[in-house]
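A quick write-up on the structure given underneath.
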Amino acid sequence: MDDSCKHYFISLSSFWLACFCFCFIFVSAELQRFEHPVKADGSLSFLVIGDWGRKGAYNQSQVALQMGKVAEKLSIDFVVSTGDNFYEKGLASPYDPEFKDSFTKIYTANSLQKQWYSILGNHDYRGDVQAQLSPILRRIDSRWLCLRSFIVNTEIAEFFFIDTTPFVDQYFQNPKHQKFDWRGVIPRKKYLRRILKDLRSALRESVANWKIVIGHHPIRSIGHHGETKELIMQLLPILEANSVDMYINGHDHCLEHFSSITSPLKFFTSGGGSKAWKGDFHYLDGDEMKFYYDGQGFISVELTPTDAKTFHDVFGKVLHSLDLSKQLYTAM
């Protein structure tokens, strides 16, 4: 095991969470919707992985091996990718061999031959964005589904995938140092207004018992990149106003769990799919941080209509777990 597997670990407490299930349905406004069925008992289980595509290097293959074992045990319904799917500069085209070398040939376990729901990270925007969004990739590997922003609906939970990279100001301030593929994003202000409007509308209309929002960039984090001020200002108020239960992200190469001091919202980082940043974190005062791990790993989630169990797994070891409970939502 290389040095990047060594870890700094903080676990402050166990928490009550709720159980998850996935179904594909279509939501509101401009956001494309998919429906995903739950298990026969009404439950749902899935894995969350982020910041992973390195042709198996930096323990990506080891993490994939453990994902397969956990996925088999839980009989997962799908996998969520929080972005930065292919390093260092996304894909060059839909036929880039990087797709097979970092995805198809790595996540080979039978238990991982399920639908993957993926969003774009900042590294993905440094390549040909249209390549990852192309249906050609789905013909190469039918598991793959990557869109900018979309919704996945199930009987018990609704998942709102949001394209967060265009929110970050610094990516637009130094174009000579890092080039991004902003096709489909420019004019930026109009693009961001549409995302926020569509998300707000979809959340208001949602009658799901669990509302889960997924983006690449963190709202709360003590990792290398830290908090994303643009999301705190523009996205967080919408999440809190619409009773979102969880915000799940990648970007920082670690695993984290934070609680909000102003709402029931929980924050989770799953960015340990390959290269980790040992010891690269910021200290935080207060009770918001519940868990931090600076090694590789992923999150597994089990959902029911009223309960959720979430685990942070690294090489098969459960480092942190929490349980959530809530009442069933009743539409008025």
With a 4.5 Å cut-off on side-chain heavy atoms, are [Y] and [X] touching?
{"X": "F161", "Y": "L147", "answer": "no"}
{"X": "S274", "Y": "V63", "answer": "no"}
{"X": "N122", "Y": "Y171", "answer": "yes"}
{"X": "I248", "Y": "V80", "answer": "no"}
{"X": "K275", "Y": "D51", "answer": "no"}
{"X": "I49", "Y": "V79", "answer": "yes"}
{"X": "S260", "Y": "R220", "answer": "no"}
{"X": "I151", "Y": "F160", "answer": "yes"}

Members other than F311 in its cluster, when Ile, Leu, Val, Met, Phe, Trp, Tyr link by side-chain heavy atoms under 4.5 Å?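 Members other than F311 - counting any ILVMFWY side chain reachable under 4.5 Å - are V318.
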Mind checking whether I106 and L65 sit in one hydrophobic cluster, side chains of I, L, V, M, F, W, Y counted as touching below 4.5 Å? no
Working for side-chain contact (heavy atoms from CB on, under 4.5 Å), residues V213 and K211: CA-CA 7 Å; V213 176; K211 297 180 184 179; over 6 Å; no
Rounded to the nearest 0.5 Å, what's the gap from [atom1] on [X] to [atom2] on [Y]? Could you check?
{"X": "F172", "Y": "T165", "atom1": "CZ", "atom2": "OG1", "result": "9.0 Å"}
{"X": "S61", "Y": "K55", "atom1": "OG", "atom2": "NZ", "result": "12.5 Å"}
{"X": "L112", "Y": "I76", "atom1": "CG", "atom2": "CD1", "result": "5.5 Å"}
{"X": "W144", "Y": "L133", "atom1": "CH2", "atom2": "CG", "result": "9.5 Å"}
{"X": "D84", "Y": "I119", "atom1": "CG", "atom2": "CD1", "result": "9.5 Å"}
{"X": "S270", "Y": "H253", "atom1": "OG", "atom2": "NE2", "result": "11.0 Å"}

Looking at [X] and [Y], would you say the former's side chain and the latter's main chain have a donor-acceptor pair under 3.5 Å?
{"X": "E155", "Y": "G42", "result": "no"}
{"X": "S263", "Y": "E240", "result": "no"}
{"X": "T269", "Y": "N249", "result": "no"}
{"X": "D245", "Y": "I212", "result": "no"}

What's the verdict on side-chain contact (heavy atoms from CB on, under 4.5 Å) for L236 and L265, showing C-alpha distance, side-chain angles and the deciding distance? CA-CA 10 Å; L236 180 57; L265 181 60; 3.7 Å; yes
In chain order, what residues pass the ring-ring contact (aromatic ring centres under 6.0 Å, His included) check against [X], with sequence neighbours excluded?
{"X": "H216", "result": "H251"}
{"X": "H123", "result": "Y87"}
{"X": "F298", "result": "none"}

Counterpart residues, side-chain hydrogen bond (donor to acceptor under 3.5 Å, both in side chains), relative to [X] (two or more places apart):
{"X": "S102", "answer": "E98"}
{"X": "R139", "answer": "none"}
{"X": "R200", "answer": "none"}
{"X": "T82", "answer": "none"}

Quick check: closest heavy atoms across [X] and [Y], and the distance to 0.1 Å?
{"X": "P264", "Y": "K266", "value": "O-NZ, 3.1 Å"}
{"X": "P166", "Y": "V185", "value": "CB-CG1, 3.8 Å"}
{"X": "K39", "Y": "S45", "value": "NZ-OG, 2.7 Å"}
{"X": "E256", "Y": "I222", "value": "OE2-N, 2.8 Å"}
{"X": "A131", "Y": "P94", "value": "CB-N, 3.6 Å"}
{"X": "G68", "Y": "A109", "value": "CA-CB, 3.7 Å"}

Indicate yes or no: does D128 engage R183 in a salt bridge with an N to O separation below 4.0 Å.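 Result for this pair is yes, salt bridge flagged.
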Salt bridge or not for K114 and D77, using N-O below 4.0 Å?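 No, K114 and D77 are not salt-bridged.
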We want to know whether [X] and [Y] form a side-chain donor-acceptor pair, criterion being a heavy-atom distance below 3.5 angstrom.
{"X": "N85", "Y": "S118", "value": "no"}
{"X": "W52", "Y": "S81", "value": "yes"}
{"X": "D163", "Y": "Y125", "value": "yes"}

Pick out which of Y292, F267, F291, Y293 makes a side-chain contact (heavy atoms from CB on, under 4.5 Å) with H257.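 It is F291; the other options fail the test.
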Applying the side-chain contact (heavy atoms from CB on, under 4.5 Å) criterion to F167, which one of T228, L235, I195 satisfies it?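 Only one option passes, and that is I195.
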Any chance the rings of Y191 and W182 have centres within less than 6.0 Å?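 For Y191 and W182, the ring centres are not under 6.0 Å apart.
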Derivation of the side-chain contact (heavy atoms from CB on, under 4.5 Å) call for E230 and L192: CA-CA 11 Å; E230 296 88 349; L192 297 181; over 6 Å; no
Under the salt bridge (charged side-chain N to carboxylate O under 4.0 Å, His left out) rule, collect the residues that match up with [X], sequence neighbours excluded.
{"X": "D96", "result": "none"}
{"X": "R188", "result": "D169"}
{"X": "R126", "result": "none"}
{"X": "K73", "result": "none"}

Trace of the side-chain contact (heavy atoms from CB on, under 4.5 Å) decision for L74 with S300: CA-CA 9 Å; L74 299 181; S300 64; 3.8 Å; yes
CD of E72: more than 12 outside heavy atoms within 6.0 angstrom? no
Tell me whether the guanidinium CZ or amine NZ of R143 lies under 6.0 angstrom from the six-membered ring centre of F103 and within 45° of its axis.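 Yes, R143 sits over the ring of F103.
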